[in-house]
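Working notes for the structure below.
Values below: all heavy atoms of this structure, side chains included; hydrogens, waters and symmetry mates excluded. Every value quoted in this text rests on a predicted model; they were computed, and no experiment measured them.
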Amino acid sequence: MLFELEPYSIKKEQKQPLLQQELSALTKHHQQHCSDYARLIQTQWPNLSLPVANTQALPYLSVRLFKQIGLKSITDEQVFKTLYSSGTTGTPSRIMLDNQTAAVQSKILVKIMQQWLGKARLPMLIIDHPSVVKDRANFSARGAGIQGLAFMGRNHCYALNDDMSINWPSLEAFCTKFADGPILVFGFTFMVWQHFIQQLISHKKTINLPQATLIHSGGWKKLIDQAVDNQTFKQTAKQTCGISKVHNFYGMVEQVGAIFVECEQGYLHCPSYADIIIRQPNNWQVADFNQPGVVQLLSTLPKSYPGHSLLTEDRGIIIGEDDCRCGKKGKYFKILGRLPQAEARGCSDTFETGQAS
């Protein structure tokens, strides 16, 4: 089982057959337990034969389908937790988890992050407000991310108040107690930039956390709109907070757990439990390495819902596999931004035809 392996330990010769086997089994599982998914597969891939010959032959869903219908492979009584995407406009994605899937997601998330943070639980500064995790049965993507990373920390401190202002007394008390040692700082990218770093700058204040590791994710569109790139983000975090170790990670609420963390060379890395395929937007054929296209994500974690093979609405490019200068195995890639809305609709449009009955 891939779950039992270390996150960046296996080469493609070992990984791809295991992925092919486990993802084929998940496809069959969801066909048997999710009637909407089975109908889509029958419509889109009527000649599908499992197990597939390789992971590129796996059927995939458009990620936007999770905004339109409640896809799940469990009964209503088995729903343990519901996750929602954090978009501020439109209908959010709705991801339903049972106990088993939620536990596996947490276990794998911790396993991946230990590669970047070590196994010791660190004092944790959370760049958000505590109300975001109050409803423990229904989490936004932000709440799910905070809850997942909270397992890596101790002495949790929320840096913001509910009105997004900095909680100065809590922040100062945390820094006084822990600034001289290793610290985990976590927040969503836009929250860190807009509601923490920019507030420090506007109040002409700095903090000094030289041994801290800042982990952040999501929200790059808003920063790009402000002409803030990854390098500017890192430089400003260093200037205002004294943090030089900064890792972005890529992931989505539809595939919580098997995240893709940015290495020291600036590339996002696939862990053993997940993979990436780039497809050409005009015909959905698989693109070569170093050819930009639409990102398809594979994950062996989703068992309570059919989210193991998803066509995203992001553009990306695979740089290489197993040979990154950081030493980690697996494919490594970059995200290039969001697709124009029209280009990723093929699968969901077909599904709407398939579900009519």
Evaluate the side-chain proximity of [Y] to [X]: yes if any heavy-atom separation is below 4.5 Å, no if none is.
{"X": "Thr312", "Y": "Met252", "result": "yes"}
{"X": "Asn290", "Y": "Ile318", "result": "no"}
{"X": "Gln211", "Y": "Ile183", "result": "no"}
{"X": "Leu310", "Y": "Leu65", "result": "no"}
{"X": "Leu184", "Y": "Met124", "result": "yes"}
{"X": "Pro59", "Y": "Leu48", "result": "yes"}
{"X": "Leu97", "Y": "Thr82", "result": "no"}
{"X": "Tyr250", "Y": "Ile259", "result": "no"}

Which residue pairs satisfy the ring pair (Phe, Tyr, Trp, His ring centres under 6.0 Å) criterion with at least one member in residues 1-23, sequence neighbours excluded?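 Residue pairs passing ring pair (Phe, Tyr, Trp, His ring centres under 6.0 Å), neighbours aside: Tyr8-Trp116.
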Evaluate the criterion ring pair (Phe, Tyr, Trp, His ring centres under 6.0 Å) for residue pair Trp193 and Phe188; output intermediate values, then yes/no. CA-CA 9 Å; Trp193 177 260; Phe188 279 75; over 10 Å; no
Going through the checks in order, is the side-chain hydrogen bond (donor to acceptor under 3.5 Å, both in side chains) test met by Lys81 and Gln105? CA-CA 12 Å; Lys81 182 186 298 182; Gln105 288 180 342; over 6 Å; no
Short side-chain donor-acceptor distance under 3.5 Å, His308 and Ser299: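 Their side chains do not contain a donor-acceptor pair, so the 3.5 Å distance test is not met.
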Between Thr213 and His247, do the side chains contain a donor N or O and an acceptor N or O under 3.5 Å apart?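 Result is no, nothing qualifies.
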For the pair Glu262 and Lys234, find out whether any cationic side-chain nitrogen is under 4.0 Å from an anionic carboxylate oxygen.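 A salt bridge is present here (some side-chain N lies under 4.0 Å from a carboxylate O).
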Strictly below 4.0 Å, N to O, side chains only: are Lys245 and Glu264 in salt-bridge contact?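 No, no charged N to carboxylate O under 4.0 Å.
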Residue pairs, two or more places apart or on separate chains, that pass side chain to side chain donor-acceptor pair (under 3.5 Å) and touch residues 265-281: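 For residues 265-281, and leaving out neighbouring residues, the side chain to side chain donor-acceptor pair (under 3.5 Å) pairs sorted by first residue read Gln16-Asp275, Gln265-Arg325, Asp275-Lys331, Arg279-Gln296.
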Residue pairs involving residues 150-161 (criterion side chain to side chain donor-acceptor pair (under 3.5 Å); sequence neighbours excluded):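 Sorted result for residues 150-161: Asn161-Ser165, Asn161-Asn167.
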Donor-acceptor pair, distance only, cut-off 3.5 Å: does the side chain of Thr232 make one with the backbone of Val228?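 No; judged by distance alone, with no hydrogens or angles, the pair does not exist.
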